[in-house]
Amino acid sequence: MSQAEDCFAAGAALVLVEAAELVIKGKPNRKTIHLLIRNLDLKRVMIELPGPWIPEACDVELLKKLLIEELGPDVNLANVSPEDLIDLETTRVGLGVAGPPKNQRNSVR
């Protein structure tokens with residue numbers, strides 16, 4: 001968190017949280033996610049979804065849904081492929097099999 005705070009203090013408008021920071025042994029790193037919620041202005045944070053460069057395979061769908069549930073439907077997500085945009089947006093609004101977000105109190109609106 002201190003690196004993000006240093007970036008903001010230096011004038012950055014937005015910081016990127018790398019996907020590798022959100023995954024431990026292929027599972028979402030809930031501790032880091034909760035640190036983000038408690039310590040940063042989520043309107044100024046972009047979170048990268050994992051790609052094939054992450055050495056530990058991660059269920060991107062699980063992480064995406066978890067981030068939307070924990071950080072709210074307006075969470076800034078990076079590394080979303082064009083073919084996944086419709087699925088992402090239906091997840092954000094809770095349509096279809098994506099189901100409604102369980103926790104919107106942390107919405108970054």
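Side-chain atoms are counted along with the backbone in the values below, which use heavy atoms only and exclude waters and symmetry mates.
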Next item on the list: Would you please test Lys64 and Asp84 for salt bridge (charged side-chain N to carboxylate O under 4.0 Å, His left out) and show each step?
Entry: CA-CA 11 Å; Lys64 176 180 65 177; Asp84 293 334; over 6 Å; no
Next item on the list: To the nearest 0.5 angstrom, please state how far the CG atom of Leu22 sits from the NZ atom of Lys31.
Entry: 14.0 Å
Margin query: Name the residue from Leu16, Leu36, Leu42, Ile33 that meets the side chain to side chain contact (heavy atoms under 4.5 Å, CB included) definition with Ile47.
Written below: Leu36
Check: Do Val75 and Val15 share a hydrophobic cluster, counting only Ile, Leu, Val, Met, Phe, Trp and Tyr and linking them when any side-chain heavy atoms are less than 4.5 Å apart?
Finding: yes
Checklist line | Distance (rounded to the nearest 0.5 Å) between Leu63 CG and Glu70 CD | finding: 11.0 Å
Item checked: Inter-residue atom distance Arg92.CZ - Asp87.CG, 0.5 Å rounding -> 11.0 Å
Next item on the list: Looking only at non-hydrogen atoms, find the nearest pair between Met46 and Leu77 and report the distance.
Entry: CG-C, 4.3 Å
Next item on the list: Consider only side-chain heavy atoms of I, L, V, M, F, W and Y, link residues closer than 4.5 Å, and tell whether Val17 and Leu35 are in one cluster.
Entry: yes
Notebook entry, point to check: Would you find more than 12 non-hydrogen atoms of other residues, nucleotides or ligands less than 6.0 Å from Gln3 atom CD?
Noted result: no
Next item on the list: List the steps and the verdict of side chain to side chain contact (heavy atoms under 4.5 Å, CB included) for Leu49 and Leu67.
Entry: CA-CA 10 Å; Leu49 292 175; Leu67 290 170; 3.9 Å; yes
Next item on the list: Provide the closest heavy-atom pair for Asn29 versus Val23 in the form atom of the first, atom of the second, distance.
Entry: CB-N, 4.1 Å
Margin query: Take a 6.0 Å sphere around CD of Glu18 and say whether it holds more than 12 heavy atoms from other residues, nucleotides or ligands.
Written below: no
Next item on the list: Find the distance between OG1 (Thr90) and CG (Leu88) and round it off to the nearest 0.5 Å.
Entry: 7.5 Å
Next item on the list: Using the rule that two of Ile, Leu, Val, Met, Phe, Trp, Tyr join whenever any of their side-chain heavy atoms come within less than 4.5 Å, decide whether Val60 and Leu85 are in one cluster.
Entry: yes
Check: If you round to the nearest 0.5 Å, how far is CG of Asn76 from NZ of Lys43?
Finding: 11.0 Å
Checklist line | hydrophobic_cluster_shared for Leu66 and Ile37, side chain cutoff 4.5 Å | finding: yes
Check: Looking at side-chain heavy atoms only, is the closest gap between Leu40 and Phe8 below 4.5 Å?
Finding: yes
Check: Which heavy atom of Asn79 sits nearest a heavy atom of Glu48, and at what distance?
Finding: CB-CG, 4.0 Å
